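Counting convention: from 1, in listed order, for ligands and their atoms alike. All figures in this text were calculated on a predicted structure; none of them were measured in a lab.
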Amino acid sequence: MNEVNIRGSRTPKSSPITDAYEISDTVLGLGINGKVVQCYDKKTRHKYALKVLHDCTKARREVDLHWRASGCKHIVNIIDVYENTYSGNKCLLVIMECMEGGELFQRIQDRQDGAFTEREAAEIMREICLAVKYLHNMNIAHRDLKPENLLYTTPDPTGILKLTDFGFAKETFSKDTLQTPCYTPYYVAPEVLGPEKYDKSCDIWSLGVIMYILLCGFPPFYSNHGLAISPGMKKRIRTGQYDFPNPEWQHVSQDAKDLIRFMLCIDPTQRLTIDQVMRNKWIAQYTEVPQTPLHTGRMLREGEDIWPEVQEEMTRSLATMRVDYDQVHIKNLDNTNNPLLNKRRKRGTGEIAEPQPQ
Ligand code: I85
C-alpha cells in the first residue's frame with residue numbers, strides 16, 4: 001500500500017516497476033506529457049495501462065492531482081506510481097486501470113442498435129459532470145476536458161465512462177486558504193480571489209461544447225476551411241456566435257438548448273458553476289428527458305474524416321483559454337522561456353534553474 005500524507009498525497013514506489021509488471025509494446029495513446037502503453041500484473045496477469053512521464057515538477061503535479069482524484073467513480077483510477085531511472089533518465093510511471101471500451105464519441109459513432117437519444121446524452125453529461133463536481137469540490141480544475149479524455153471501462157453496455165489526463169490540471173485558489181492566519185481577508189484584492197473562478201469556469205465551457213457535440217455530432221465552433229484555428233472561428237468563440245441548426249436540432253428540447261446557452265456563456269463570471277449545472281433539471285432529472293432520437297451517430301460517421309481536425313481545434317482552443325486565464329497571474333521566472341534568461345541559465349551560474357516544459 002502507498003503511504004498517504006496529510007494532504008492526501010502519496011509517494012511513488014522506488015522499486016523497479018518490472019518486478020511487478022510486464023510492459024508490452026502496445027501503445028494505447030499519446031498524451032502531451034507521455035505515452036500510454038499496455039502492461040500486465042506479473043502475478044495476476046491482469047491488464048493495466050501505463051503512462052510514462054519524464055520526472056519533472058509538471059509530471060509530479062499531474063500525478064499528485066490525479067492520485068488525489070482517483071476516488072471518484074468517473075475518474076480513471078491510479079493503481080500504482082513508480083519512480084525509476086532508465087539510462088540516467090528519471091521517469092514517473094503511472095499504472096492505471098485499463099479502459100478497454102475506448103473513447104466516448106467512437107462508441108456513439110459505432111452504435112448499430114438504433115439511434116442515440118437525448119435521454120442517453122443527458123445520462124452521459126451527468127456522468128461527466130459528476131467527475132467535474134468531484135474535482136471542483138477538491139479545488140482542482142481539469143482544464144483539458146475534451147472527447148479524447150473520456151473513456152469507457154469496457155466495450156459492453158455496462159461500461160462506465162471515466163475522465164483521464166491530468167496533464168493540465170491545476171489546484172485552484174481556495175477561499176479556505178485565505179481563512180488561515182497568513183492572510184487577512186479584510187485586505188484581500190478581488191483578483192486574488194478571482195483565478196479560482198476562471199479555472200473552474202474553463203471546465204464548464206468545455207462541458208458546454210461536449211454537450212453540444214453529444215446532441216448533434218458536430219461542434220458549436222469550427223473553422224470554415226479546416227486546420228488551424230481561423231480568425232473567424234476565434235471571433236465566433238469570443239463573441240459566443242453559434243446556433244442550433246436544423247434538421248439536427250429541430251427536435252432537441254428547449255431545456256437542453258437553454259443549458260448549453262448557460263454553459264457557453266462568454267462571460268466566465270456569468271457562466272454556471274458545476275453545482276448549478278448538476279441542479280439543472282435536464283441533468284438532475286435526466287431519467288425524464290425525452291427519448292428523442294438524435295442525428296449524432298450519423299453526423300459523427302459523416303464527419304469521420306474531419307474528426308481528427310475537430311479534436312485538434314478543441315485542443316487548440318483549450319490551450320488559448322488556459323493562457324488567457326493564466327495571464328491573470330504574475331509570471332513566475334522559473335517557468336518562463338525568455339531567451340535572455342535561457343542564455344543566463346546556459347552560462348550555468350547555477351542560480352537560475354532550467355524551465356520545466358510547459
Ligand atoms: N485504454 N487522450 C488521448 C487509456 N486505459 N489514455 C490519452 N492521456 C492520458 C491517450 C490519447 C487520452 O493520460 C490517455 C491517457 C490515459 C489513457 C488510458 C488510460 C487507461 C486506456 C492521453 C485505452 C484502450 C482503448 C481501447 C482498447 C484498449 C485500451 O486507451 C484495450 F487494448 F485495452 F483493449
Side-chain angles (χ1 to χ4, degrees), residues 12 17 21-41 44-56 58-82 91-111 127-128 131-132 135 140-170 203 206 209-210 213 300 307-319 322 357-358:
I17 190 170
Y21 294 92
E22 182 185 310
I23 299 162
S24 90
D25 312 319
T26 311
V27 177
L28 299 176
L30 297 174
I32 322 108
N33 304 327
K35 76 174 173 188
V36 183
V37 297
Q38 206 160 293
C39 70
Y40 298 89
D41 183 310
T44 64
R45 299 305 302 164
H46 201 88
K47 197 192 278 182
Y48 292 100
L50 165 67
K51 187 170 187 179
V52 185
L53 297 165
H54 163 67
D55 193 352
C56 58
K58 194 169 184 280
R60 291 268 162 177
R61 182 172 54 206
E62 169 175 346
V63 173
D64 177 43
L65 296 180
H66 191 170
W67 222 338
R68 278 156 58 188
S70 260
C72 176
K73 182 184 170 190
H74 295 289
I75 291 173
V76 172
N77 258 293
I78 291 186
I79 311 292
D80 258 330
V81 180
Y82 287 82
C91 294
L92 270 183
L93 304 148
V94 188
I95 307 275
M96 292 174 269
E97 61 177 316
C98 188
M99 305 296 289
E100 301 188 54
E103 292 176 14
L104 167 65
F105 284 97
Q106 190 62 54
R107 182 148 145 156
I108 297 170
Q109 186 186 315
D110 293 345
R111 248 176 69 145
E127 290 166 343
I128 306 170
V132 174
L135 293 176
I140 295 171
H142 185 273
R143 306 199 309 161
D144 203 24
L145 287 179
K146 56 182 181 182
E148 301 147 83
N149 289 335
L150 294 163
L151 308 169
Y152 277 100
T153 49
T154 59
D156 61 85
T158 65
I160 298 164
L161 185 62
K162 299 196 185 197
L163 173 66
T164 193
D165 207 335
F166 282 67
F168 288 112
K170 186 176 162 186
D203 286 343
S206 309
V209 174
I210 291 168
I213 306 174
L300 287 172
W307 186 246
E309 279 165 40
V310 170
Q311 288 188 321
E312 278 166 38
E313 245 168 29
M314 187 136 178
T315 302
R316 271 191 295 266
S317 42
L318 278 162
R322 283 189 297 264
Q358 283 299 294

Look only at interatomic distance and state if K47 has a nitrogen or oxygen under 3.5 Å from any nitrogen or oxygen of ligand 1.
no
Between NE2 of H46 and CD1 of I79, what distance do you get to the nearest 0.5 Å?
7.5 Å
Are K51 and F166 in a cation-pi contact, defined as NZ or CZ under 6.0 Å from the six-membered ring centre and within 45° of the axis?
no
Would the distance check show the side chain of R143 and the main-chain N or O of A169 forming a donor-acceptor pair, the cut-off being under 3.5 Å?
no
Rounded to the nearest 0.5 angstrom, the CG-OG distance for L50 and S24 is 9.0 Å
Taking H66 for the side chain and V76 for the main chain, is one N or O donor matched with an acceptor at less than 3.5 Å?
yes
Among all the protein's non-hydrogen atoms, which is closest to atom 2 (N) of ligand 1, and how far away is it?
N149 OD1, 3.0 Å
Euclidean distance, E148 CD relative to D165 CG, rounded to 0.5 Å:
9.5 Å
Checking the side chain of E127 only, and the main-chain atoms of L161 only, is there a donor and an acceptor separated by less than 3.5 Å?
no
Without swapping roles, check the side chain of R107 against the backbone of G101 for a donor-acceptor pair under 3.5 Å.
no
Which of the atoms of ligand 1 are close to E148, meaning less than 4.0 Å from one of its heavy atoms?
2 (N), 3 (C), 12 (C)
By number and element, which atoms of ligand 1 are closer than 4.0 Å to a non-hydrogen atom of C98?
5 (N), 33 (F)
Does one side chain, of K162 or T153, offer a donor that lies under 3.5 Å from an acceptor on the other?
no
Name the closest protein heavy atom to atom 10 (C) of ligand 1, giving the residue it belongs to and the distance to 0.1 Å.
G29 CA, 3.8 Å
Distance under 4.0 Å to a non-hydrogen atom of L151: what atoms of ligand 1 satisfy this?
4 (C), 6 (N), 17 (C), 18 (C)
Mind checking whether E62 has an N or O less than 3.5 Å away from an N or O of ligand 1?
no
Any nitrogen or oxygen of Q38, side chain or backbone, less than 3.5 Å from one on ligand 1?
no
Short N/O distance, under 3.5 Å, between E103 and ligand 1?
no
Just distances here: any N/O of M99 and N/O of ligand 1 closer than 3.5 Å?
yes
How far is atom 13 (O) of ligand 1 from its nearest protein heavy atom, and which residue and atom is that?
K51 NZ, 2.8 Å
Within reach of ligand 1, part of D165 (heavy-atom separation under 4.0 Å):
both
Closer than 4.0 Å to some heavy atom of E97 - which atoms of ligand 1 meet that?
5 (N), 20 (C)
Looking at atom 11 (C) of ligand 1, what's its closest protein heavy atom, distance included?
L30 O, 3.4 Å
Residue and atom name of the nearest protein heavy atom (relative to atom 27 (C) of ligand 1), distance in Å to one decimal
E100 O, 3.8 Å
Can R45 and D41 be counted as an ion pair, charged N to O under 4.0 angstrom?
no
Around atom 16 (C) of ligand 1, find the nearest protein heavy atom and jot down its residue, atom name and distance.
T164 OG1, 3.6 Å
Counting heavy atoms under 4.0 Å, the part of L28 that contacts ligand 1 is both
F105/W307 aromatic ring centres below 6.0 Å
yes
A49 heavy atoms within 4.0 Å reach ligand 1 at atoms 5 (N), 19 (C), 20 (C)
Looking only at protein heavy atoms, which one is nearest to atom 14 (C) of ligand 1, and how far off is it?
V36 CG2, 3.9 Å
Does the D55 side chain pair with the main chain of R60, one donor and one acceptor, at a distance under 3.5 Å?
no
